[in-house]
Each structure stands twice: as structure tokens, then as C-alpha cells.
Amino acid sequence: MRKNIVAGNWKMNTTLQEGLELAKGLDAALQGKTVNCDVIIGTPFTHLASIAAAIDTNKIGVAAENCADKEKGAYTGEVSAAMVASTGAKYVILGHSERRAYYHETPEILKEKVLLALANGLTPIFCIGEVLEEREAGKHFDVVKAQLEGSLFNLSPEDFGKIILAYEPVWAIGTGKTATPAQAQEIHAFIRKTLAEKYGQEIADNTSILYGGSCNAGNAKELFANPDVDGGLIGGASLSVDKFMPIVEAF
Ligand code: PGA
């Protein structure tokens, strides 16, 4: 059966020293605790190796926030999936709306990234979600379906089974505006139905679908109580142990 997961997405925040402190603080807070979900932290590339070495990665999975769409070679400034894997990170966040909007990542580019992540043994946390105008026009179902089709539905059932999905309505990211539990459940159920149509009910039932967008200690319990919401991808509230731990403990 699918896992409950709470994953942090630090974005472009924290120096290496601050990030190490945050990761170690979380590691200490989890010490001796039994939590009912997998815990993951997504950190800048520069932090991955140091953090993976400093914490118990069986307790806290480490994720990159991106990887290149090319295997290796003359791509100055890029970081490959193999490089990410070599740090000890086990996950990579792909398709985040900020990458799509600010760095022009297209469904085709993301398709390549997913394939390279999988080829290097990384678990993609693949983000989908509509912008406000699409939600207001009632197009959110079509948008998330197209995002799945455009970057993931080329995968074999076996490979698709390795994917974690994160539904993140763009209008809720960093805005303090959250989807209501009912809105989250409605679209998560739609996503699962779409997966079932493509890959069958068993794979659909085994896929973790996280909610992201202004998720915090105050609303996590209600959001996670939905049958099709399997956890959260947490931005702002993942930057302090005090804010992140109650979300982890919401399960
Ligand atoms: P937020 O970000 O929790 O700060 O809204 C979520 C995300 O972008 O993954």
C-alpha cells in the first residue's frame, strides 16, 4: 500500500551551515520518535552530500530540488541525476511550478529529467498543479491530466510505480492560501482515477499523492485526513524544525 510522506522543499534558502543545522535539528527531533510517515527534506544541491553524511538517511530521506535533463558533458552549471545520486540523496523534486514558470521547463524537458532520475536510482517527486486562471476557468482537471500525460505516461507500469506525485495548486504556493480539504480531495481523487485508467487500479492505489501549497501545522491534519491525500510537500514551513515537526506528526 502507498506510503504517507511529508517532504520539505527548502527552495533557494539556507547557507550550507544553516542547512546543516536545520537538518541536524530535525534529525534530533525525530530521535526516538515513531512517526507515521516517511520524512524527506529537499535541499539545495550544495548541501546534499554534507547533509546526507550528517543525518540518519534511513529516517530522513534527502532530495535534490532539480536535476539536469542531460546525462553529462558540456552543460556548464548543470547538475546531473548521477551527481545527485552520488551525494547520498535518494529523491529529486521535478516539475515544480517555479521551475516550470521561471526556468521554462517544458513537459518534454521534464520527461527527460524523470527518465534520467529513474535510470540513476532516484525517486522523482513529480509536481503538477494549475494556476489561478485555470482553476477559475474550471480547467484544473484537464491541466493536471495533461501534465501527467506530457511527462510521465510514457513510463512503463514498473517505472511509474516508483514515482511520488505532488499536487500543488500554483495559487496556493507561498501565498498563505490553501486549497480546502474538499478541493484537495476532489482533485487527488481525480488524479488517482486518471492513474487507474492508465496503469490500473493497483498502481493507482499504491501511488503516494502529496498536497503542496501553504500547508502548515494548522491545516495539515485536516488535509491529510482525506483518503486520497497521502502527505504534503512543504515549502515555507519546512524551514524550521518547530514548524515542520507538527506537520510530520499530523499523521
Ligand atoms: P509553500 O510551498 O508550502 O511555501 O506554499 C510549497 C511548495 O512550493 O512546494
Side-chain angles (χ1 to χ4, degrees), residues 4-14 18-19 22-23 26 37-45 47-48 60-67 84 89 91-105 110 113-114 117 122-132 134-135 140 143-144 147-148 151 163-181 183-184 187-188 191 208-224 226 229-251:
N4 294 328
I5 299 167
V6 173
N9 174 14
W10 293 0
K11 310 192 179 184
M12 198 172 74
N13 291 298
T14 73
E18 290 163 349
L22 175 56
L26 185 63
C37 62
D38 285 4
V39 180
I40 299 169
I41 49 176
T43 86
F45 289 131
H47 303 19
L48 293 172
I60 305 173
V62 179
E65 300 171 13
N66 182 27
C67 72
V84 169
Y91 302 85
V92 58
I93 299 168
L94 292 174
H96 192 281
S97 63
E98 288 152 16
R99 302 284 330 161
R100 293 179 193 259
Y102 307 149
Y103 301 97
H104 315 293
E105 296 195 358
L110 292 170
K113 294 189 177 201
V114 168
L122 296 171
T123 298
I125 301 172
F126 192 83
C127 306
I128 56 177
E130 80 286 354
V131 299
L132 186 61
E134 292 164 339
R135 163 74 53 170
H140 42 298
V143 168
V144 296
Q147 288 170 334
L148 292 168
S151 304
I163 304 283
I164 297 167
L165 288 178
Y167 166 70
E168 300 203 300
V170 180
W171 46 272
I173 295 176
T175 58
K177 211 172 155 192
T178 322
T180 64
Q183 283 174 324
I187 195 149
H188 280 231
I191 292 165
S208 296
I209 309 175
L210 316 184
Y211 168 80
S214 299
C215 187
N216 59 41
N219 57 33
K221 240 194 182 85
E222 245 193 321
L223 285 161
F224 299 172
N226 285 299
V229 178
D230 308 309
L233 183 56
I234 318 299
S238 70
L239 289 170
S240 93
V241 176
D242 290 349
K243 289 188 176 149
F244 192 58
M245 270 306 282
I247 305 175
V248 169
E249 292 177 309
F251 275 113

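Predicted, not measured: the structure shown is a model, and the values here were computed from it. The first residue in the sequence is number 1, and the count goes up from there. These numbers come from the heavy atoms of this one structure, side chains and all, not from hydrogens, waters or symmetry mates. Remember, it's 1-based here, ligands and their atoms both numbered in the order they're listed.
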For residues 231-251, dump all side-chain donor-acceptor pairs below 3.5 Å to protein atoms at least two apart in sequence or in another chain.
residue, atom, partner, partner atom, Å
Ser238, OG, Ile234, O, 3.1
Ser238, OG, Gly235, O, 2.7
Ser240, OG, Lys243, N, 3.1
Glu249, OE2, Lys33, NZ, 3.4

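- Side-chain N or O atoms of His47 include one that pairs as donor or acceptor with a backbone N or O of Thr14 at under 3.5 Å.
- Ring geometry for Tyr211 versus Tyr167: interplanar angle of 30 to 60°, hence tilted.
- Contact residues of ligand 1 (protein heavy atom closer than 4.0 angstrom to a ligand atom; sorted by chain and number): Asn9, Lys11, His96, Glu168, Ala172, Ile173, Gly174, Gly213, Ser214, Leu233, Ile234, Gly235, Gly236.
- Classification of Lys113 and Glu105 as a salt-bridged pair holds, one side-chain N sitting under 4.0 Å from a carboxylate O.
- Taking the charged nitrogens against the carboxylate oxygens, Glu65 and Lys11 have no contact shorter than 4.0 Å, which rules out a salt bridge.
- With rounding to the nearest 0.5 angstrom, the SG atom of Cys37 is 6.5 Å from the CG atom of Asn4.
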